[in-house]
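The structure appears right after this line, and notes come after that.
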Amino acid sequence: MDAQRALLDELMGAARNLTEEERKGYKEVSWDDKEVCGFYMVRFCPHDLFVNTRSDLGPCPRIHDPKLKESFEKSPRHDAYVPKFEAELSQFCEKLVMDLDRRVRRGRERLAQEVEPTPPPPLTAEKSEQLSVLEEKIKNLLEQVESLGEAGKVDEAEALMRKVETLNAEKTALTQPQNDKVLMLGQEKKMALCEICGSFLVANDAAERTQSHVTGKQHVGYGMVRDFINEFKTAKEKANEEERLAREREAEERRKQREKESERGRRSDSSDRDRHRDKDHNRERDRYRDRDSDRERSREHDVRGYRDGGRGVDYRARNGRNGGRDRYRDRSRSRSPGKHSHRRSS
């Protein structure tokens, strides 16, 4: 009936039997509604694992619908919701395992408190003396039996062996109560505790019963729960490790980028300093060149001035000396006109 109902729901919709009035307030359920079991969507619902066992959790209060699960698996938001649902399932399973581990600890304590079989009490001094006398008699008789057997006296040897058997029976009767007690305690069944599901088992039980327990619903259910917790923790640790390595790679890339930028900055500063140094060197060189040019022009000017000035000085000096003579002659002529006139007339 459930299969037929699910088939009709798939073909006609879950609201196929509602009246028009009921349809007005009806809302189609989708996989992301709070009423839908996210545990069932991603993995398993723990409520389904322990039905009719001592660990039965009762029916799940949320919706388990294969059609909604199929819709979830086809949804483009599937990958985004899986981590959320798995984290919630992990928390629920961890709580189950914590409660189970508390029961396991209590079971261990209970087993540890069981009275261990006490060793048999020692024999009294009287019984110990009797036991020693019997063992000595048995030893002597066995030596006689061996000697008679070597001498070929078989009948006598057999008679002594019957006496040895009688003495052994007395020896057994002397220690039998303690031996029976030890035997009975040794034959008592010992209990063991299953570390997976917390069930009490009979130690060294028959293989069929052990196999029946291992394949039982409670053992399998808690095995699934523990496996999922370990798997989830491993995946989370791996994701955290990958995230840590990614952060380290990003930090390394940023460090390399800063070093490159710093190196470019140093190169740029060095280039600027080189350019400034070249400019300063060029300016200094131009300064020296201009200074040399100025010195050269000044030197050339001094040389030309020296040359031209020297001729002018000599000329002026000569003209000065000659001019002085000329001026003296002119004065002499002005003072002696007759002489000059004589010279003119002659």
Side-chain angles (χ1 to χ4, degrees), residues 2 37 39-40 42-62 64 86-124 127-128 131 135 165 168-237:
D2 292 338
C37 181
F39 305 161
Y40 176 79
V42 288
R43 292 298 185 93
F44 56 84
C45 180
H47 291 82
D48 296 339
L49 300 179
F50 308 107
V51 178
N52 297 327
T53 67
R54 287 181 297 174
S55 300
D56 195 340
L57 301 176
C60 181
R62 294 184 292 179
H64 292 189
E86 287 186 345
E88 293 175 353
L89 176 59
S90 176
Q91 293 177 358
F92 190 89
C93 290
E94 286 179 357
K95 185 178 182 303
L96 285 179
V97 170
M98 288 176 61
D99 295 339
L100 175 63
D101 289 342
R102 280 196 292 269
R103 294 202 302 270
V104 170
R105 285 194 297 270
R106 289 196 297 267
R108 288 202 200 100
E109 294 173 357
R110 201 169 92 190
L111 291 177
Q113 290 173 357
E114 290 183 355
V115 179
E116 295 291 335
T118 57
L123 296 175
T124 62
K127 289 185 177 182
S128 297
L131 184 61
E135 289 177 349
E165 291 175 356
N168 281 328
E170 294 178 5
K171 178 182 176 181
T172 301
L174 187 64
T175 58
Q176 185 64 44
Q178 288 78 13
N179 291 337
D180 287 343
K181 183 178 180 181
V182 172
L183 181 62
M184 291 175 61
L185 291 174
Q187 290 177 347
E188 288 182 356
K189 292 183 178 181
K190 293 183 179 180
M191 301 301 293
L193 190 67
C194 179
E195 298 292 334
I196 301 297
C197 64
S199 299
F200 285 98
L201 306 173
V202 177
N204 301 322
D205 201 356
E208 294 80 6
R209 292 178 61 86
T210 303
Q211 183 65 24
S212 176
H213 167 76
V214 171
T215 57
K217 187 178 293 186
Q218 181 167 312
H219 186 90
V220 172
Y222 276 113
M224 291 178 60
V225 169
R226 292 182 183 275
D227 290 342
F228 170 74
I229 292 175
N230 294 333
E231 179 184 348
F232 180 79
K233 287 182 177 179
T234 301
K236 189 175 181 180
E237 291 174 357

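Note that these values count all heavy atoms, side chains included, but never hydrogens, waters or copies made by symmetry.
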Please say whether the positively charged group of R110, taken as NZ for Lys or CZ for Arg, lies over the ring of F200, i.e. under 6.0 angstrom from the six-membered ring centre and within 45 degrees of the axis.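 Satisfied, under 6.0 Å and within 45°.
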State, yes or no, whether a side-chain contact exists between T210 and L201 at a heavy-atom distance under 4.5 Å.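 No, every pair of side-chain atoms sits at 4.5 Å or beyond.
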Do the non-hydrogen side-chain atoms of P46 and L89 ever get within less than 4.5 Å of each other?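 Result yes, sub-4.5 Å side-chain heavy-atom pair found.
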Any chance you could measure [X], atom [atom1], to [Y], atom [atom2], to the nearest 0.5 Å?
X: T234; Y: E231; atom1: OG1; atom2: CD; answer: 8.0 Å
X: C93; Y: D227; atom1: SG; atom2: CG; answer: 10.5 Å
X: L193; Y: R103; atom1: CG; atom2: CZ; answer: 10.5 Å
X: H219; Y: C197; atom1: NE2; atom2: SG; answer: 6.0 Å
X: R43; Y: F232; atom1: CZ; atom2: CZ; answer: 9.5 Å
X: H213; Y: Q211; atom1: NE2; atom2: CD; answer: 10.5 Å

Given 3.5 Å as the limit, does a donor-acceptor pair link the side chain of [X] with the main chain of [Y], or not?
X: S212; Y: E208; answer: no
X: R226; Y: I196; answer: yes
X: S90; Y: E86; answer: no

For residues 52-59, which side-chain donor-acceptor pairs fall under 3.5 Å, sequence neighbours excluded?
from	atom 1	to	atom 2	distance (Å)
T53	OG1	F50	O	2.7
T53	OG1	S55	N	3.3
R54	NH2	S199	OG	3.4
S55	OG	Q218	OE1	3.4
S55	OG	Y222	OH	3.3
D56	OD1	G58	N	2.8
D56	OD2	N52	N	3.0

May I ask you to decide whether D101 forms a salt bridge with R105, counting only side-chain N to carboxylate O separations under 4.0 Å?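 No, this pair does not count.
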Check side-chain hydrogen bond (donor to acceptor under 3.5 Å, both in side chains) between R62 and all other residues, then give those that pass, not counting sequence neighbours.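 By the side-chain hydrogen bond (donor to acceptor under 3.5 Å, both in side chains) rule, R62 matches no residue at all.
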If the condition is side-chain hydrogen bond (donor to acceptor under 3.5 Å, both in side chains), which residues does H47 pass it with, not counting sequence neighbours?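 Result, side-chain hydrogen bond (donor to acceptor under 3.5 Å, both in side chains) vs H47: none returned.
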